[in-house]
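First the structure, in the form of structure tokens, and then the observations on it.
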Amino acid sequence: GAVVSQHPSWVICKSGTSVKIECRSLDFQATTMFWYRQFPKQSLMLMATSNEGSKATYEQGVEKDKFLINHASLTLSTLTVTSAHPEDSSFYICSAYSGAGVRGAQYFGPGTRLLVL
Amino acid sequence: DAKTTQPTSMDCAEGRAANLPCNHSTISGNEYVYWYRQIHSQGPQYIIHGLKNNETNEMASLIITEDRKSSTLILPHATLRDTAVYYCILGSGNTGKLIFGQGTTLQVKP
């Protein structure tokens with residue numbers, strides 16, 4: 001159980017284009033999803049917290065107009081990188097939170113590798 | 001900033017138990033201790049978490065000291081596939097928010 005998928009797994013795009021990444025919790029409902037970014041040889045950096053039906057909360061330093069997050073249902077959140085530039089090339093990972101308490105944990109997707117040319 | 005301290009790297013012989021320590025001296029009462037691992041180029045994998053009692057599942061055991069200021073993740077019989085970066089993270093049981101530190105790179109050797 002607790003499977004999270006991401007699509008696409010790889011994307012290459014030209015500078016200036018927008019890229020949408022989907023994150024789905026396949027076997028549980030997630031009121032909260034998280035988006036992370038990871039650069040080579042670095043740890044994961046939390047970008048934003050996404051709650052179903054409300055606006056995302058962005059971490060300090062993350063541009064909300066550049067990284068658009070939509071959490072339209074309890075099983076789907078999307079991250080759109082708008083007007084992507086080479087410096088946005090990174091490994092983007094989402095996670096879905098299964099709920100509070102003893103059984104609550106974040107379950108991560110496999111990640112999306114973005115290369116902006 | 002991450003609120004846990006882990007060794008940068010560790011080695012373990014295949015088939016032996018791997019004991020990964022974590023210090024979290026500033027843990028607050030409602031924070032859980034979570035362990036995740038990340039194998040190269042993949043998303044992190046949930047291992048185990050606990051509040052104050054020791055926990056065990058099919059993957060590992062988590063030993064939390066009585067004062068909750070430190071914990072140890074135990075992989076009972078390490079295999080080569082357990083080579084990964086292991087993250088010890090304090091998380092709010094209410095929000096689920098996790099802030100990753102640098103983790104411990106565990107190298108399992110034949």
Side-chain angles (χ1 to χ4, degrees), chain A residues 1-7 9-10 21 23-25 28-52 54 56-60 90-115, chain B residues 1-9 22 28-60 62 64 68 73 84-106:
Chain A
V3 178
V4 177
S5 69
Q6 272 184 252
H7 178 78
S9 56
W10 272 95
I21 303 169
C23 177
R24 294 182 184 271
S25 56
F28 67 100
Q29 294 184 328
T31 55
T32 304
M33 291 185 172
F34 300 87
W35 287 94
Y36 297 80
R37 182 168 53 180
Q38 187 176 32
F39 293 108
K41 299 189 184 299
Q42 294 186 21
S43 187
L44 281 76
M45 185 191 78
L46 179 64
M47 298 175 67
T49 302
S50 166
N51 289 299
E52 185 263 339
S54 63
T57 302
Y58 292 83
E59 295 297 305
Q60 190 174 6
S90 188
F91 190 44
Y92 291 88
I93 310 168
C94 73
S95 71
Y97 184 48
S98 66
V102 176
R103 304 192 69 82
Q106 281 190 41
Y107 295 93
F108 287 80
T112 296
R113 202 162 296 281
L114 171 63
L115 177 61
Chain B
D1 292 337
K3 297 189 288 184
T4 62
T5 304
Q6 299 177 252
T8 301
S9 63
C22 180
S28 60
N30 66 346
E31 286 184 312
Y32 287 75
V33 180
Y34 289 87
W35 283 86
Y36 286 83
R37 71 181 182 184
Q38 186 177 27
I39 297 170
H40 183 62
S41 297
Q42 298 181 22
Q45 178 187 23
Y46 167 78
I47 301 174
I48 199 167
H49 75 286
L51 185 61
K52 55 181 179 181
N53 296 323
N54 297 337
E55 302 286 345
T56 295
N57 63 20
E58 64 278 4
M59 289 184 67
L62 173 60
I64 302 174
R68 302 210 320 128
L73 178 75
V85 179
Y86 286 77
Y87 296 99
C88 168
I89 310 165
L90 301 184
S92 165
N94 294 324
T95 67
K97 185 174 179 179
L98 302 176
I99 302 297
F100 281 73
Q102 295 306 307
T104 296
T105 299
L106 175 68

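Within every chain, numbering begins at 1; the chains are lettered A, B, ... in the order of the sequence lines, protein sequences first and strands thereafter.
- Ring geometry, Tyr34(B) versus Tyr32(B): the interplanar angle falls from 30° to 60°, so the pair is classed tilted.
- Scanning for ring-ring contact (aromatic ring centres under 6.0 Å, His included) contacts around Tyr36(A) gives Phe108(A), Phe100(B), with sequence neighbours left out.
- The stretch residues 44-52 of chain A places Leu44(A), Leu46(A) near chain B, each with some heavy atom under 4.5 Å from a heavy atom of that chain.
- Pairs of residues two or more places apart, or lying in two chains, that qualify as salt bridge (Lys or Arg N to Asp or Glu O under 4.0 Å) and include a residue from residues 34-49 of chain B are Arg37(B)-Asp82(B).
- Judged by the 6.0 Å distance and 45° axis criteria, Arg113(A) is positioned over the aromatic ring of Phe91(A).
- Between Ser95(A) and Cys23(A), the shortest heavy-atom contact is N-SG, 4.4 Å.
- With a 4.5 Å cut-off on non-hydrogen atoms, Gln38(B) touches chain A through its side chain but not through its backbone.
- If you measure heavy-atom distances from Leu98(B) to chain A, the contacts under 4.5 Å come from both the backbone and the side chain.
- In this structure Thr104(B) satisfies the side-chain contact (heavy atoms from CB on, under 4.5 Å) test together with Gln6(B), Pro7(B), Met10(B), Leu20(B), sequence neighbours excluded.
- Heavy atoms closer than 4.5 Å to chain B are found nowhere in Gln6(A), neither backbone nor side chain.
- None of Tyr86(B), Tyr46(B), Tyr87(B) except one satisfies the side chain to side chain contact (heavy atoms under 4.5 Å, CB included) rule with Trp35(B); the exception is Tyr86(B).
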